[in-house]
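Predicted, not measured: the structure shown is a model, and the values here were computed from it.
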Amino acid sequence: MAKKTISKDELLSNIIKGIEEVKGNDIDILDLREIENTVCDYFIICNGNSNTQVNAIVNSVQKTVSKELKDKPWHVEGVENAEWVLMDYVDIVVHVFQKHVREFYNIEGLWGDAKITTIPNKY
């Protein structure tokens, strides 16, 4: 049986929904499609206030995407210390940071050529 193809827009919206469910902060979508030699089409970056919230965001994203789209990340790393968790959905890579770690690595600055869309907090 062939796997159902999931649109990137569906995946993006479900990832955002999962982040918002547990009040993830400062959500940015970096559109990398116009940049040569990128590993994916989008980065979604957000942050939590503690290890517990970072893990809650990761779990919420996985649960939401699994329930709505029957999909799971190809790879997840960083859950052990929960300061920077990377979730790889192949075309979309989700970075969930603690605020101080996000500021230190400044992913948005490294990918300055990307089109950045900021999702306003709903809470």
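Residue pairs meeting the salt bridge (charged side-chain N to carboxylate O under 4.0 Å, His left out) criterion with at least one partner in residues 51-60, sequence neighbours excluded, are absent. Listed by first then second residue, pairs satisfying salt bridge (charged side-chain N to carboxylate O under 4.0 Å, His left out) with a partner in residues 96-109 read Asp26-Lys99, Asp28-Arg102, Lys99-Glu103, Arg102-Glu108, not counting sequence neighbours. Screening residues 7-29 for ring pair (Phe, Tyr, Trp, His ring centres under 6.0 Å), with sequence neighbours left out, gives no hits.
Applying the side-chain hydrogen bond (donor to acceptor under 3.5 Å, both in side chains) criterion to His75, with sequence neighbours excluded, gives Glu77. With sequence neighbours left out, the side-chain hydrogen bond (donor to acceptor under 3.5 Å, both in side chains) criterion links Asp113 to no other residue. In this structure Tyr105 satisfies the ring-ring contact (aromatic ring centres under 6.0 Å, His included) test together with Trp84, sequence neighbours excluded. Residues forming a side-chain contact (heavy atoms from CB on, under 4.5 Å) with Ser50 (at least two apart in sequence, or on another chain): Thr52, Gln53. Asn81 pairs by the side-chain contact (heavy atoms from CB on, under 4.5 Å) definition with Glu83, not counting sequence neighbours. Take Gln98 and apply the side-chain hydrogen bond (donor to acceptor under 3.5 Å, both in side chains) test, not counting sequence neighbours, and it matches Asn51.
Contact detail for Gly18 and Ser60: the closest heavy-atom pair is O-OG, 2.6 Å. Nearest heavy-atom pair across Asn25 and Asn121 is OD1-ND2, 4.1 Å.
Residue Asp91 holds its CG atom at 10.5 Å from OG of Ser7, rounded to the nearest 0.5 Å. The CD1 atom of Ile92 lies 3.5 Å from the CG atom of Leu12; values are rounded to the nearest 0.5 Å. Residue Ser66 holds its OG atom at 10.5 Å from CG of Asn14, rounded to the nearest 0.5 Å. Rounding to the nearest 0.5 Å places CD1 of Ile16 at 5.0 Å from CD1 of Ile119. How far OG1 of Thr64 is from CG of Asn59: 10.5 Å, rounded to the nearest 0.5 Å.
Leu86 and Phe104 fall within a single hydrophobic cluster, where Ile, Leu, Val, Met, Phe, Trp and Tyr are joined by side-chain heavy atoms under 4.5 Å apart, directly or via other members. Phe97 and Ile116 end up in the same hydrophobic cluster when Ile, Leu, Val, Met, Phe, Trp and Tyr side chains are linked at under 4.5 Å. Under the 4.5 Å side-chain contact rule for hydrophobic residues, Val58 and Ile107 do not share a cluster.
In summary, Lys17 and Glu68 engage in a salt bridge, as defined by a charged side-chain N under 4.0 Å from a carboxylate O.
Not one N or O on the side chain of Lys23 forms a donor-acceptor pair closer than 3.5 Å with the backbone of Glu20.
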List, one per line, each side-chain donor-acceptor pair under 3.5 Å for residues 29-46, sequence neighbours excluded.
{"residue": "Asp31", "atom": "OD1", "partner": "Arg33", "partner atom": "N", "Å": "3.1"}
{"residue": "Asp31", "atom": "OD1", "partner": "Arg33", "partner atom": "NE", "Å": "2.9"}
{"residue": "Asp31", "atom": "OD2", "partner": "Arg33", "partner atom": "NE", "Å": "3.3"}
{"residue": "Asp31", "atom": "OD2", "partner": "Arg33", "partner atom": "NH2", "Å": "2.6"}
{"residue": "Arg33", "atom": "NE", "partner": "Tyr42", "partner atom": "OH", "Å": "3.3"}
{"residue": "Arg33", "atom": "NH1", "partner": "Tyr42", "partner atom": "OH", "Å": "3.0"}
{"residue": "Arg33", "atom": "NH2", "partner": "Tyr42", "partner atom": "OH", "Å": "3.1"}
{"residue": "Thr38", "atom": "OG1", "partner": "Cys40", "partner atom": "O", "Å": "3.1"}
{"residue": "Asp41", "atom": "OD2", "partner": "Lys8", "partner atom": "NZ", "Å": "2.3"}

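Tested against Val61, the residues Ile19, Val22, Val96, Val76 include a single side-chain contact (heavy atoms from CB on, under 4.5 Å) partner, Ile19. Partner Met87 forms a side-chain contact (heavy atoms from CB on, under 4.5 Å) with one of Val94, Val93, Val79, Ile57 and no other, that one being Val94.
Alongside Trp74, the hydrophobic cluster contains Val90 (criterion: ILVMFWY side chains under 4.5 Å).
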